[in-house]
Every structure is written in structure tokens, then in C-alpha cells.
Amino acid sequence: MATPNSYKLSCSIPGHEMDVRGLSAAFFPDGAFVSVSRDRTGRVWVPNSSPDRGFTEMHCMTGHQNFVSCVCIIAPSDTYPRGLIATGGNDHNICVFTLDQPQPLFTLKGHKNTVCTLSSGKFGTLLSGSWDTTAKVWLNEKCMMTLQGHTAAVWAVVILPEQGLMLSGSADKTIKLWKAGHCEKTFTGHEDCVRGLAVVSDLEFFSCSNDTSIRRWLVTGECVQVYYSHTNYIYSLAVFPNGQDFVSTGEDRTLRIWKQGECQQTIRLPAQSVWCCCILPNGDIAVGASDGLIRVFTEVEDRMASPQDLQAFEDELSKTTIDPKTGDLGDIKMEDLPGRDHLDEPGNREGQTRLIKEGQKVEAYQWSVADSRWMKIGDVVGGSNQQTSKKVNYEGKEYDFVFTIDINEGGPSMKLPYNVTDDPWLTAHNFLQKNELSPMFLDQVANFIIENTKGHTLGAAPPSAADPFTGTGRYIPGSGTPTGAPVGAADPFTGVTFACLLFFPGGGAYSSAASRQTSTNIYFPKTDGVTFEQANATQIMGKELNGGAPGEYRLSEEVLGSLEKLLVSVCDPCASEQPTTEQISLLWKTSHWPEDIVFPVLDILRLAVRHPQVNESLCGGDADDGVALCNHLLSLMKPQARPANQMLALRTLCNCFSGWRGRALLLAQREAVLSHAADLCSVCNKNIHIALATLVLNYAGSLHGQPDLEAKAQCLSVASAALESVQDKEAVFRLLVALGTTVASDQTAQDLAKSLGVTSQIAKYTSVTDPAKVGECCQLVLKELQ
């Protein structure tokens with residue numbers, strides 16, 4: 001029997017197909033609450049009278065074009081006596097629903113990126129926060145003011161009971177107090193992104209952060225208490241009606257219940273990310289997690305699940321696997337661990353973790369004060385020295401060797417991990433870059449590796465190994481042509497043969513030069529533009545160009561000859577003639593043909609913008625020219641436009657990245673371009689999806705190493721939106737490379753991706769083996785996000 005004040009599982013509620021990202025108790029019906037999910041829906045749940053003490057779905061709300069990230073309830077009014085439901089999503093919109101209609105009553109538009117937090121106040125006021133770094137105040141379907149001042153995403157907002165006072169918490173690590181649209185005070189203290197806020201009273205509030213702490217503040221600015229117990233990011237808070245006790249959830253797989261300033265109980269869940277929580281009217285706690293389930297916990301014995309269901313929940317938890325890097329397990333050395341008899345000793349605090357050795361496995365147990373026993377919470381994977389091989393564990397990975405390198409006499413030594421299948425020069429290069437050492441040591445470190453691993457297989461893969469990007473042999477420094485490259489083998493990204501890559505270095509999506517990247521994998525960061533090269537010049541100039549044109553648009557032989565010369569000059573690297581101003585002008589003019597016949601001209605435009613002279617002229621010779629090109633292509637990408645034109649407009653934008661003018665233009669027009677591109681996610685067309693994925697990848701590459709958080713947030717947002725719809729594995733692969741490029745070596749971008757739910761979204765691709773590059777790239781992205 002449970003002791004007083006001990007929470008136990010009441011029920012598990014299936015229904016959502018993906019992560020549950022937001023929860024809120026409703027005013028009506030009694031005991032009801034609302035959930036929102038990555039599956040693009042919101043659902044209203046009401047208690048049922050069945051023996052399982054569960055909840056029934058009253059209705060499902062749709063209206064967002066992408067995943068839904070937050071929800072709040074707008075209090076009842078004379079007009080809406082049952083209140084309203086507001087949801088915010090990755091489509092930048094806020095949808096407002098009644099409790100009995102599946103479609104929105106109205107939609108609020110104005111944010112420029114994901115709406116990730118909502119709070120309601122008196123008189124129907126609504127406060128929203130977004131990745132666009134702003135908060136907005138809404139009333140009567142209108143934006144009344146925009147709160148500007150944060151320098152990064154606004155992840156949390158609340159309206160205080162005191163009329164006119166509002167709070168916002170941000171990835172810039174600060175909390176701001178607003179009154180009448182002006183920032184009255186900035187609270188500092190958190191050491192990482194502020195993820196959640198909760199009201200205590202008119203004068204006090206809680207905050208939680210990625211820094212694993214919870215803070216209690218006075219609105220006058222003082223932090224009066226800091227709470228520690230979580231071991232990873234804390235995502236949400238909810239306060240009990242007494243204004244003192246509260247609950248929190250986070251990335252450490254836990255729900256923690258705090259009473260009288262102490263963590264009284266820790267409940268682990270069989271899901272990595274516990275995104276959200278809310279207190280129900282009867283005092284029960286609802287939590288939503290990355291496994292798509294809602295779980296309700298109660299301290300009232302009559303509402304607890306049956307002994308069989310409680311045991312099933314505990315069994316499910318015991319079968320989970322735990323990566324030490326995501327929790328509080330520390331460095332694990334199997335030979336130092338005790339056996340099962342160690343569990344005979346009671347724990348000394350709620351939630352204490354103990355590891356034991358059971359055969360060749362390491363098991364994790366947690367102490368439950370309420371039950372006075374150790375509960376198994378999973379099997380530990382990835383701990384050091386668990387393997388029976390001679391591999392060495394370093395930073396969570398296994399290596400054949402971990403060398404100690406002394407570069408500077410008298411300075412600290414550095415660790416250099418190495419596997420015998422690695423390239424010694426690439427390993428040396430990455431080691432020097434990671435430790436910010438001079439490249440002059442490259443040969444010295446590489447030769448050290450070679451000398452100290454003699455007798456083992458070193459360096460590149462066998463000649464038969466195919467490059468996962470191009471299908472050709474792996475690039476070996478100094479070896480010239482990749483081994484095993486078939487003559488005329490086509491690059492799967494562009495259709496260009498390998499021979500063409502030699503002439504046209506910028507042409508291939510992933511040429512042999514990709515193997516020289518300085519990252520530790522061959523997939524990302526991918527910083528050079530990916531272009532669409534394949535063309536049949538004869539077909540374009542002959543049957544396609546003039547063949548389908550009505551009489552008034554049919555080109556004269558002179559104009560046709562001029563465009564043919566242009567096409568030859570931009571497609572043949574050895575061509576003696578360069579494009580002329582007249583030819584470029586003719587191309588621009590004909591690109592405005594009616595939409596039903598412009599397709600072949602767009603194909604020429606796609607190829608032409610790769611050429612430096614055309615790129616310079618159309619993308620930025622005159623600032624207005626560049627904007628005109630961009631607007632023209634966007635007009636061809638409208639959702640109702642012809643799919644062929646949509647695809648070629650996307651491909652043309654991708655090819656603009658091959659020149660610095662085009663790159664500068666598209667970075668300047670990024671918001672409009674990616675917004676239009678995102679509208680094509682739902683189009684069921686494989687070629688459009690591949691072009692869309694390539695465009696996101698090119699933006700990610702151009703932004704790599706740049707501090708533009710808003711731009712990276714939009715890249716992540718569009719990539720995530722596309723992955724919801726895209727089925728083609730090539731498009732999925734390019735989106736994965738885009739994600740990897742965006743988050744590589746950028747902690748803030750990694751945090752953004754995690755908050756977006758990218759980890760659980762892409763996990764399903766880890767097992768893809770056809771093509772293998774999808775699964776391999778996905779695993780590398782997930783490693784970046786650990």
C-alpha cells in the first residue's frame with residue numbers, strides 16, 4: 001500500500017501518434033484537460049467512469065499545418081461560457097477553438113517562426129512567445145503589441161495576476177518583466193536557456209532552465225531560492241493550488257514532485273523526453289512525453305491503477321535502456337560495480353540511483369521512499385569497460401586506441417582517440433582543430449598515429465568501398481581519382497557524371513572533395529552548395545522550347561540561336577564564348593512566359609544561374625534585379641502553381657547558391673524563400689521534395705559557423721516540417737544532412753533542435769539500410785544531439 005502523499009500511476013492514455021508537447025487543464029467539462037502533439041492535433045480528454053479510471057477523447061482539433069507545440073485555456077466569458085482553447089504551432093500560427101468544434105474559430109497570424117508558448121489572462125488577453133525572439137499580446141483576434149527585447153527564442157511566457165504585468169523567458173538565458181509593452185526589469189541568474197515559467201502569486205514566480213535548475217523569484221528582481229534535483233534539461237513546471245508545492249519534468253525521463261522546498265518524489269518514465277505537465281482540478285498530475293502517451297499520476301488510492309497495471313508500468317520501465325550521457329549515472333567501470341546484494345542496503349534519499357553488475361550487464365535502480373524499496377529503471381548501455389573486447393571508452397564512444405599527446409612542453413596533455421579503420425591524417429586534422437592547435441603539427445601527429453599502430457589495418461577502406469554520397473570509391477588523399485569510380489557514373493544528387501565533376505568542381509552535389517571535410521564524418525557539415533546539373537540541351541532547345549509555344553510566343557531563329565549559345569556557354573566548361581548581356585536579357589524576358597509554357601525556359605534559367613556571369617547579373621548586378629528574380633521564382637512556387645514550375649523554381653534557387661551573388665541574395669531573402677518553400681511540404685511530388693530538401697541544405701551550409709540564430713531556427717523549422725510529409729529517401733537524406741549541418745558544433749542550435757523534438761522525429765530512420773547513407777547520417781545527427 002502506498003504511503004500518504006506518494007503519487008502512483010492512475011492511467012496511461014494513448015491517442016496521439018507522436019510526442020505530446022503541451023497540456024492544460026480545462027474549465028469544462030469537469031476534470032477535463034487538453035493535449036497537443038507533434039501529430040498536428042489537439043485533443044480534449046474527459047474522465048470516464050470505467051474501472052480503469054481513465055479518460056475518453058471528447059473531440060480532436062485540427063487546423064495547424066505542422067506540429068502543435070503549446071496550448072492554453074482562455075477563461076470563460078459571456079460570449080464563450082465554456083472558455084476557448086488556444087494552440088500554437090510550427091506553422092507560425094495560433095489557432096483558437098471552442099470545446100465542441102474540430103476546426104478553429106479563428107487563427108492569429110503574425111509570428112515569423114514557431115509559436116512555442118502561450119498564456120491567457122483577464123478579459124480574453126492572450127500572450128504568445130516564438131522562436132522569432134518576440135512575444136505578442138492578442139485581444140479580440142488582433143495583435144495589440146509586440147514585445148521586443150530578447151536576443152533569442154522566447155520559450156516561455158506567463159501573464160501575472162496583477163493586471164498588465166507579463167513575463168517572458170528566453171534562450172538568451174534571461175527573463176523579462178513587461179508592463180504596457182515596455183520591459184520593466186530583466187532577471188538574470190540562469191546559466192542556460194529558460195524553458196518554463198509558472199505563477200506563484202501576484203509577487204512571485206518560478207522558472208526552469210536547461211541548466212537543470214529551478215528558481216523562485218520575486219517580481220522585484222530577487223531570486224529567493226534555487227532548487228536542484230534534475231540531471232538534464234527541465235522543460236515544464238506546474239504549481240499546486242497552495243502556491244508553494246509544484247511539479248517539474250525534463251529530459252532526464254522524470255516527473256519530480258516538490259513539496260516544502262524539497263524534491264519529495266521522483267517518478268521515472270519509459271520515455272526520454274517528458275515534455276509537459278499540468279495539475280488537474282482534483283490534484284492529479286498529467287504528463288506528456290516523447291513516446292506519444294499521456295500518463296496521469298495520483299496520490300488518492302481509489303484513483304490509482306490496478307496492481308496489475310502498476311506492475312506492467314514498472315516492468316516497462318525496467319526494460320528501457322539508459323545512456324549514461326543523458327542521466328546522472330556518471331562514469332561506469334564494470335569491474336568496480338557491486339553485485340545484487342548491494343540492493344539489500346536501503347537508499348538515503350528519494351530518487352537515489354544505484355548501479356549493480358548482473359552477469360555481463362549493468363542495471364540501474366532507483367530508491368522509492370514511499371515503497372521503501374529499489375525499483376529497476378533500466379539497463380545501462382554505453383558504459384565504459386562493459387565490453388569484453390580490448391576497446392577503450394572515451395567520451396562515450398569505443399576506440400581501438402586513446403593516445404596521450406603532449407604538444408607543448410610543460411602544458412597539459414591531450415587525448416587523441418583513434419580506430420584502426422580511421423584515416424590517420426583526417427584524425428590528426430580533427431584533433432588539432434578540436435584543441436585549437438596549429439596545423440603545422442599535422443604530419444607530426446599523423447605519423448605518431450601510424451608509428452604507434454603498426455601491424456593494424458590503417459587508413460582508407462578497401463578500393464571496393466563506395467562513397468555513400470556519390471556511389472564512387474572513397475577518396476584517399478593523394479590518390480587522385482577515387483578508386484572504384486565507374487566511368488560515367490552519375491552523381492545521385494545531380495545526375496552529373498564523375499568526369500564532369502573533374503571539370504566543374506562546383507557542379508557535383510557531393511564531389512570527391514567532400515571526403516576532405518574537416519568534420520569527423522563524411523556527411524556534414526556540408527558547406528558547399530548542392531546544385532542540380534543534369535540537362536538535355538538538344539531536347540530543351542528543340543522540341544520543348546519552341547514546340548509547345550503558341551504562335552505569339554514562338555521564338556525567331558535569331559532568338560532561338562542566341563539562347564542556344566547561352567545554353568552551350570553555361571553547360572560546357574570548355575566553351576570559348578561567355579554569356580552576353582543580350583543573351584541574359586532574352587532569358588529573363590522569356591522566363592516570364594505564361595505558366596503553362598514556361599517550363600523549358602525555366603530549365604535554361606536553372607542551368608544558367610550556375611555560371612558566374614549570369615549569377616552576377618541576375619542575382620545582384622543591380623539590387624533590384626536580384627529581388628526581381630527572387631520574387632519571380634517565388635510566384636512560380638505558389639501552392640496552386642504547376643508542379644513542374646514549382647520544382648524548377650526550387651532547383652533554380654538551389655543553383656543560385658553556386659555564386660557569391662546568389663548566395664548573398666538568398667540569405668537576404670531567406671525568410672520569404674523558406675516560408676514559400678515550406679508551403680510545398682504537403683505537395684505529393686518526389687522531385688519537389690528533393691529540391692525543397694536541397695534548398696534547406698544549401699541554407700544550412702551557408703549559415704554554418706554563423707551566429708544567426710533566427711535563420712538557423714527557420715532552417716530547423718522547415719526541415720522538421722518537411723520530414724513530417726516527405727517519404728522519398730533521397731529527400732529524407734538531404735534533410736538529415738541539413739539538420740546535421742545546422743546543429744554541428746553549435747550548442748544553441750542543438751538545443752533548438754531538441755526543443756523542436758527532432759530527436760524523436762528522426763529516430764525511425766536509424767534502421768534504414770536502403771540506402772545505408774540514410775541510417776548512417778541519422779545516427780550521426782542523433783550523436784550531435786546527445
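Keep in mind that the numbers below use all heavy atoms, side chains included, and drop hydrogens, waters and symmetry copies. Count residues from 1 along the sequence.
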| remark: Only residue of Asn113, Asp132, Asp708, Leu709 satisfying side-chain contact (heavy atoms from CB on, under 4.5 Å) with Gln714 is Asn113

Starting at [atom1] of [X], measure out to [atom2] of [Y] and round the result to the nearest 0.5 Å.
X	Y	atom1	atom2	result
His150	Cys183	NE2	SG	7.0 Å
Leu269	Leu293	CG	CG	9.5 Å
Asp284	Lys8	CG	NZ	14.5 Å
Leu280	Arg303	CG	CZ	9.0 Å

| Quick one: ring pair (Phe, Tyr, Trp, His ring centres under 6.0 Å) pairs with a partner in residues 274-297, sequence neighbours left out? | Tyr235-Trp275

Does a donor on one side chain sit under 3.5 Å from an acceptor on the other, for [X] and [Y]?
X	Y	result
Arg268	Thr266	no
Thr114	Asn90	yes
Ser236	Thr249	yes
Arg38	Gln761	yes
Thr186	Lys176	yes
Ser130	His92	no
His16	Ser35	yes
His190	Ser207	yes
Tyr233	Asp751	yes
His59	Arg43	no
Arg21	Ser69	no
Ser209	Asp192	no
Trp178	Ser168	yes
Asn93	Thr107	no
Asn210	Arg195	yes

What I want to find out is whether [X] reaches [Y] closely enough, with some N-O distance under 4.0 Å, to be called a salt bridge.
X	Y	answer
Lys754	Glu251	no
Asp291	Arg295	yes
Glu191	Lys173	no
Arg373	Glu345	no

Within 6.0 angstrom of [X] [atom1], more than 12 heavy atoms from elsewhere:
X	atom1	answer
Asp30	CG	no
Glu262	CD	no
Asn140	CG	no
Lys112	NZ	no
Glu314	CD	yes
Glu17	CD	no

Can you find a pair of side-chain heavy atoms, one from [X] and one from [Y], that are under 4.5 Å apart?
X	Y	result
Ile13	Val296	yes
Tyr227	Arg216	yes
Leu118	Val157	no

| Residues in ring-ring contact (aromatic ring centres under 6.0 Å, His included) contact with Tyr365, at least two apart in sequence or another chain | none

Closest approach of [X] to [Y] (non-hydrogen atoms, all atoms of both residues):
X	Y	value
Ser760	Asp19	OG-OD2, 2.7 Å
Arg256	Ser229	NH1-OG, 2.8 Å
Ala25	Ile73	O-CG1, 3.2 Å
Cys277	Val247	SG-CG2, 3.9 Å
Cys72	Leu126	SG-CD1, 3.5 Å
Asp202	Val219	O-CG1, 3.9 Å

Between [X] and [Y] (side chain of the first, backbone of the second, donor and acceptor by atom type, cut-off under 3.5 Å), is there such a pair?
X	Y	value
Ser170	Ala153	yes
Ser248	Leu237	no
Gln265	Tyr7	yes
Asp91	Gln65	yes

Among residues at least two apart in sequence or on other chains, which ones pass side-chain hydrogen bond (donor to acceptor under 3.5 Å, both in side chains) with [X]?
X	result
Trp367	none
Asp78	none
Ser201	none

| field | Met58: partners by side-chain contact (heavy atoms from CB on, under 4.5 Å), with sequence neighbours left out | value | Pro29, Val44, Val46, Leu99

| Using the benzene-type ring in the case of Trp, are the ring centres of Phe187 and Phe205 under 6.0 Å apart? | yes

| said: Can you tell me how the ring of Trp258 sits relative to the ring of Phe246, calling it parallel under 30°, perpendicular over 60° and tilted otherwise? | reply: parallel

